[in-house]
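Quick note: numbers below take in every heavy atom, side chains included, and nothing from hydrogens, waters or symmetry partners. In the text below, chain A, chain B and the rest are named by the order of the sequence lines, each starting its count at 1.
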Amino acid sequence: MKGYLGLDIGSISTKGVIIDEKKNILASSYLWTEGNPVQAVKKVLVELEEKIKDRKIKILGVGTTGSARKLIGTMLGACSIKNEITAHAIGTLSKYPTVKTILEIGGQDSKIILLEDGMVTDYAMNTLCAAGTGSFLSSQAKRLGIDVKDFGKIALSSKNPTSIAARCTVFAESDLVHKIQMGYEKKDIIAGLCYSVASNYLNNVAKGKKIKGPILFQGGVSKNIGVKKAFEDLLKTEVITDKNGHLMGALGSAILAKKNSKNEVFDFSLKDAIFETNGIECKGCENHCEVIVVKKDGKKIDAWGNRCEKGMIKI
Amino acid sequence: MKTIGLAKGLLYYYYHVLWKSFFDALEVPYIESTTSTKKIIELGKEKCIDEACLSMKIFLGHVEYLKDKCDMILIPRIYSIEKKEQVCTNFNALYDLIRNLYPTLTLLNYNVDVKHHHKEKEAFIKMGKQLGFSTSKSYHAYKLAKQKEQRYFKQLEKSGEKKLKTKKTKILLLGHPYNLQDEMIGKRIYNYLKEKNIEIIYSYEMPKDKVNEEVQKISPKVHWTMNKQLLASFVYFKDSVDGTILITSFPCGPDSLTNEMILRKRGKSKVLLLTFEDLNSDIAIITRLESFLDMLKGGIHL
């Protein structure tokens with residue numbers, strides 16, 4: 001049986017899926033990146049191999065997306081290395097062909113994608129600031145001493161969400177501390193945080209965009225039912241979350257891998273190879289480009305980051 | 001003869017042809033700073049307050065680079081170039097700012113403030129005087145320089161026209177020339193798009209005499225002269241290009257107003273806003289550019 005592997009290596013979590021030729025998900029894996037994308041991908045590969053080992057599947061293509069797409073794509077010899085917007089749109093469309101709006105909040109990025117007849121017509125991403133993204137929520141959860149996974153449940157138990165300024169993470173933190181000291185209930189503060197994430201998103205990333213249904217809410221933050229409910233209240237319409245919502249990017253890149261497949265069989269033993277990466281500051285000129293060199297079993301396989309020939313590294 | 005230093009940042013990109021032609025006509029030697037590098041930004045950041053925009057930091061970096069390499073540096077003070085309008089407050093303050101940062105540095109004065117009756121011509125005559133030339137000599141050099149500048153504008157206009165005729169995907173890069181042409185800002189976008197075989201049109205490649213007419217279609221009154229040109233350029237090109245990329249340096253005041261106006265009034269045109277700070281990683285920019293190009297292609301058909 002033929003299969004294709006898609007990987008979405010984000011700042012917070014790493015997702016992997018294997019699909020068959022009809023784009024059905026055969027196996028999936030989802031775990032924390034923990035600041036080490038290479039290690040996380042190895043773990044994902046171990047999990048995926050375990051899940052499909054009884055079903056003679058040949059992986060004929062690898063696709064990567066997410067912020068570490070280039071690094072992992074190079075390591076695994078991927079046939080498709082694509083940005084998150086395209087990967088998410090393609091993944092979601094394969095499951096929901098009529099979707100008009102995709103709201104996505106990830107670890108450090110948030111984006112909105114508008115579609116019409118299965119084509120991306122407009123999109124926006126947060127520009128410089130990561131306020132209101134997953135990393136913001138998890139750091140606030142830590143401050144309140146609760147697990148980010150329980151965040152949604154606690155939020156739903158609140159009847160009276162406190163309003164919290166979430167325009168800027170730093171302001172939100174001081175507002176949060178202030179509210180705690182004033183004596184607000186924890187659950188109300190948590191619900192307030194969920195609302196502020198949703199309204200911050202709608203006022204920044206989604207500003208000026210016509211949000212039409214069906215609306216899908218994706219990304220790690222979509223697992224938080226508190227934020228989902230906040231979106232539904234603010235948009236006054238139903239927001240769909242898929243149980244595989246976090247896998248859409250990986251699914252999209254698997255589909256792209258299928259499309260670009262060179263029909264070479266991917267070998268899972270690659271996970272046992274020793275990959276090393278190091279950043280070298282090129283001293284060729286005053287730009288001091290950071291050149292990333294990737295080594296496999298001690299042999300250089302690729303390097304990038306240089307702006308001119310002076311920083312070129314011979315492979 | 002004293003050597004003049006020209007810092008490649010901010011107003012340099014609006015006036016370099018005029019200034020250089022003027023000095024050429026008077027046979028005054030001048031040097032230009034290098035293209036921007038990471039080092040230049042670092043130098044500028046050390047001298048600059050945090051809140052200033054990236055372009056200002058880059059400019060100060062260039063001044064820092066030049067200060068020991070020439071006898072005097074041309075630092076313009078421009079308050080207004082059209083009667084009822086104003087330019088960015090950084091351009092108002094630039095001269096005083098540099099004078100206070102570098103008390104021992106000799107500055108070449110250049111003051112244009114049309115609102116308060118200091119015309120460009122007088123600025124050049126005064127500049128000539130400081131260099132030891134008579135009024136008539138400076139005036140003559142200014143006239144020659146002005147002719148050269150006009151020819152340069154015509155060239156830009158023609159290159160814009162020519163680019164519009166190609167069958168390739170066309171993208172309008174909209175922003176201040178000092179951002180579009182900077183090695184650390186606009187050139188990064190340019191290099192990426194060139195690699196993808198895209199025709200790049202710069203916002204300043206529109207006919208200058210159509211600015212006031214075109215801008216009326218989007219807003220009847222724009223207080224900021226340089227941003228008025230950007231708005232006009234957007235209206236002028238939007239229907240003949242496939243997409244527009246707004247390039248802005250954080251935190252630019254006038255741009256924050258006009259970018260918003262463009263985003264709200266763009267209609268069906270595709271617009272991408274890229275904001276530059278000193279620590280933009282290439283991958284973040286490429287993610288946005290790549291997905292923008294995918295969108296222009298109408299998505300990937302499976």
### Message
Checking side-chain polar atoms at under 3.5 Å, does Asp294(B) have a donor or acceptor matched by the opposite partner on Thr86(A)?
### Response
yes

### Query
Donor-acceptor pair, Lys270(B) side chain versus Thr121(A) backbone, under 3.5 Å?
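It does hold such a pair.
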
### Task
Would you confirm whether Tyr123(A), through its side chain, and Arg288(B), through its main-chain N or O, come within 3.5 Å as a donor-acceptor pair?
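Judged by distance alone, yes, a pair lies under 3.5 Å.
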
So does [X] have more than 12 non-hydrogen atoms from other groups sitting under 6.0 Å from [atom1]?
{"X": "Lys221(B)", "atom1": "NZ", "value": "yes"}
{"X": "Tyr96(A)", "atom1": "OH", "value": "yes"}
{"X": "Lys67(B)", "atom1": "NZ", "value": "yes"}

### Task
State plainly whether the residues Asp122(A) and Lys268(B) are in salt-bridge range, i.e. N to O under 4.0 Å.
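Looking at Lys268(B) together with Asp122(A), the answer is no, because their closest N to O distance does not fall below 4.0 Å.
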
### Query
Is the shortest side-chain N to carboxylate O distance from Glu260(B) to Lys207(A) below 4.0 Å?
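A salt bridge is present here (some side-chain N lies under 4.0 Å from a carboxylate O).
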
### Task
Can you tell which part of Thr34(B) gets under 4.5 Å to a heavy atom of chain A, answering side chain, backbone, both or neither?
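Contact with chain A: none, neither part.
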
### Message
How long is the straight-line distance from OG of Ser291(B) back to NZ of Lys111(A), given to the nearest 0.5 Å?
### Response
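It comes to 9.0 Å.
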
### Message
Nearest 0.5 Å, please: how far is NE2 in His288(A) from CD in Glu42(B)?
### Response
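It is 9.0 Å, given to the nearest 0.5 Å.
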
### Message
Quick check on Leu114(A) against chain B: is it the side chain, the backbone, both or neither that has a heavy atom closer than 4.5 Å?
### Response
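No part of it gets close to chain B.
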
## Note on the structure
From the list Thr287(B), Leu273(B), Leu272(B), side-chain contact (heavy atoms from CB on, under 4.5 Å) with Met125(A) holds only for Thr287(B)

### Task
Taking the side chain as every heavy atom from C-beta outward, state whether Lys38(B) and Glu281(A) have any atom pair closer than 4.5 Å.
no

